Amino acid sequence: MKAEEKENREFNRHFPKSISQGIKDYVTDTVLKDSRYIFIRRVAGVQFGYCTHCNNRFRTTGDLKHNNSTKCPHCRSNCKIKNHGMSRKYLSDQAFVVYYEKSRINPDTAIIAQAYKVYRNYSGDYMKVETEYVAVARYLFESGNPGRATMYERWGGWQKAQSVHSLWAQSSCSNCRCSMDSIKEAIQGTPFQYSTWDQHPQPQPDYIKFFALYSKYPVVEILTKVGFKYFVGAKLFDQKTYSCINWRAKRFHEVLRLSKQDLNLVLKGMKGLNPMQLRLFQMSRKDSAPPTLQEIKSFFTKSVGDVLNELNVVLKYSSLRKAVNYIRKQIRICETYRTCSALLIAWRDYIRDCETLELDLSHDLILYPKNLYEEHQRTMSLVKTKIDEISRKKMLKRADDLQKYAFEDQRYIIRPPGNADEIIEEGKTLNHCVARYADSHAKGKTTILFIRLKDKPESPYYTMEIRKNEITQTRGFKNSDMTDEVKQFVDQFKKTKLTKRSNRKEVAI
Ligand SMILES: [Zn+2]
């Protein structure tokens, strides 16, 4: 307890003792600029006005009207006119404000930010209205080695937050502001000045997330400047970074998980390089005949799509060059797979079959079968027979648990498989590899659901896989994609069944 208090005291030393003039001016002149009123009343037939901004009382020209606007003759503010006698019960303005300053004790290396809820409440005596400031969060961003970001949040008392986060979205305020000028002034002369913050527009423009990331990983700056801005954005907004970046590394080539030479090659070939291509380049550097950056770029084009998950399985056993050659050849041989991604999905599934069957994937003949389609059919049926009685029993239990996903509209239904045979049958009829998932389905690691036409409830139609309450794939005959109609139905299902909190937890069996 004592250590916590000490830490809190240390933290607070960075902050000014009282609300600084900068915040007050910002709130008065910008954030709550519209919260200026002239209250009018008549005394013995003469109209008087009172300005809530400059607190002056004056005689009007006599014709100010309730709810119109006018300029205060003293302070020249634009004010809304309110009748003295009207009910002011709900007349109150509020806003959420974030304001940056330099740290009081380390002004050259640290910046602070404070979040306030501010109010002007006119329900009482309008001549005594003061702007109220309720501090809701305090942030400290320290540069250095290592730098760090700290946040205290007001929950009754002040408490250190587990992770530094913005309160912008949850402030439930329609008027949310952050002073960009305060940021510029605070970072002036500190390392944060070079953070490239203004190159990363934020959906909640208080830049809390950005400065938290930058404090921890100053490499943000060089990544942005050299052209890897994508990864900074992805890291900020929880999108895929493909594990391309070693955020903690000190030297830049290590940040990009490359040797100095390879880093130079990447910097030269940056144009049009996407994150997956970069990752494949990184991953293949230790291969015996690694492909060049150009080769990777020309094979894994945009139209190939994101196949890194599938490739990750393949590259456990194969070099990238061999994998690419094999994919090229199989697309020619197997008519079933017309695209690189369809082929890779099948190859990945085949490799997993081999793992299940404990086949030795270090043999080229097993890893690169002459005809992937035929060999995959064979392993699928072998895997099927491996599904033992125990998993059959588990399957029955799962079928019960999964009734919560049952769903239908006028044309389609979704239901869980009743037993393992049904999954195997589904795979056979639709000529895809769902049978391979039967075991993980039984164990609750994944969830298989059937989409059927309402008037043909017994015929396999589409098969859906759900993991962690998200649809990971929906496949029809020979791995075909959904028709627009089916897609609409699936979207409806998603909205109804997968967004509710109650379904969030997958039942592990
Ligand atoms: Zn005034």
Side-chain angles (χ1 to χ4, degrees), residues 15-102 104 112-138 154 167-168 171-186 188 204-207:
F15 293 79
K17 290 245 171 350
S18 55
I19 299 166
S20 45
Q21 196 56 43
I23 301 177
K24 287 184 181 167
D25 290 346
Y26 177 60
V27 169
T28 307
D29 298 336
T30 306
V31 180
L32 291 179
K33 198 171 178 210
D34 291 335
S35 186
R36 294 181 185 181
Y37 300 94
I38 286 175
F39 284 96
I40 48 171
R41 72 186 297 188
R42 273 182 199 279
V43 181
V46 182
Q47 192 183 49
F48 289 91
Y50 175 84
C51 170
T52 62
H53 179 62
C54 66
N55 303 317
N56 273 304
R57 192 163 177 267
F58 51 89
R59 202 174 158 156
T60 71
T61 44
D63 55 357
L64 296 186
K65 298 228 160 37
H66 180 66
N67 278 347
N68 282 1
S69 297
T70 190
K71 261 198 169 72
C72 167
H74 289 273
C75 65
R76 312 302 299 163
S77 295
N78 279 320
C79 298
K80 255 174 260 151
I81 302 164
K82 292 284 170 191
N83 261 341
H84 162 83
M86 301 296 287
S87 166
R88 299 189 301 276
K89 206 167 157 193
Y90 301 109
L91 188 56
S92 163
D93 296 300
Q94 56 171 298
F96 173 82
V97 186
V98 177
Y99 196 88
Y100 284 76
E101 288 169 90
K102 288 180 191 298
R104 267 180 65 234
I112 58 167
Q114 299 186 79
Y116 287 97
K117 279 201 169 172
V118 294
Y119 303 87
R120 283 182 72 82
N121 183 347
Y122 300 91
S123 63
D125 183 347
Y126 57 72
M127 295 198 199
K128 288 185 180 150
V129 175
E130 299 277 346
T131 306
E132 295 162 58
Y133 292 81
V134 179
V136 289
R138 285 184 151 189
R154 180 117 95 189
L167 295 177
W168 190 283
S171 71
S172 67
C173 236
S174 57
N175 186 8
C176 292
R177 304 288 189 94
C178 172
S179 162
M180 295 298 120
D181 288 340
S182 78
I183 297 181
K184 287 175 200 160
E185 210 170 294
Q188 190 66 39
Q204 291 148 24
D206 58 9
Y207 288 86

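Since we're looking at a predicted model, the values are computed, not measured. Counting starts at 1 for both ligands and their atoms, following the listed order.
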Which protein N, O or S atoms sit under 2.8 Å from the Zn ion (ligand 1)? Cys51 SG, Cys54 SG, Cys72 SG, Cys75 SG

Sequence neighbours excluded, which residues qualify as ring pair (Phe, Tyr, Trp, His ring centres under 6.0 Å) partners of Tyr119? none

Ring pair (Phe, Tyr, Trp, His ring centres under 6.0 Å) against Tyr100, all qualifying residues, sequence neighbours excluded: Phe211

Quick one: which residue pairs count as a ring pair (Phe, Tyr, Trp, His ring centres under 6.0 Å) with a foot in residues 51-72, not counting sequence neighbours? Phe58-His74

How close do Thr61 and Asp63 get, heavy atom to heavy atom, and via which atoms? OG1-OD1, 3.3 Å

Over 60° means perpendicular and under 30° means parallel, so tell me whether Tyr26 and Tyr99 are parallel, tilted or perpendicular. tilted

Could you check whether the rings of Tyr122 and Phe39 sit parallel, tilted or perpendicular, using 30° and 60° as the cut-offs? tilted

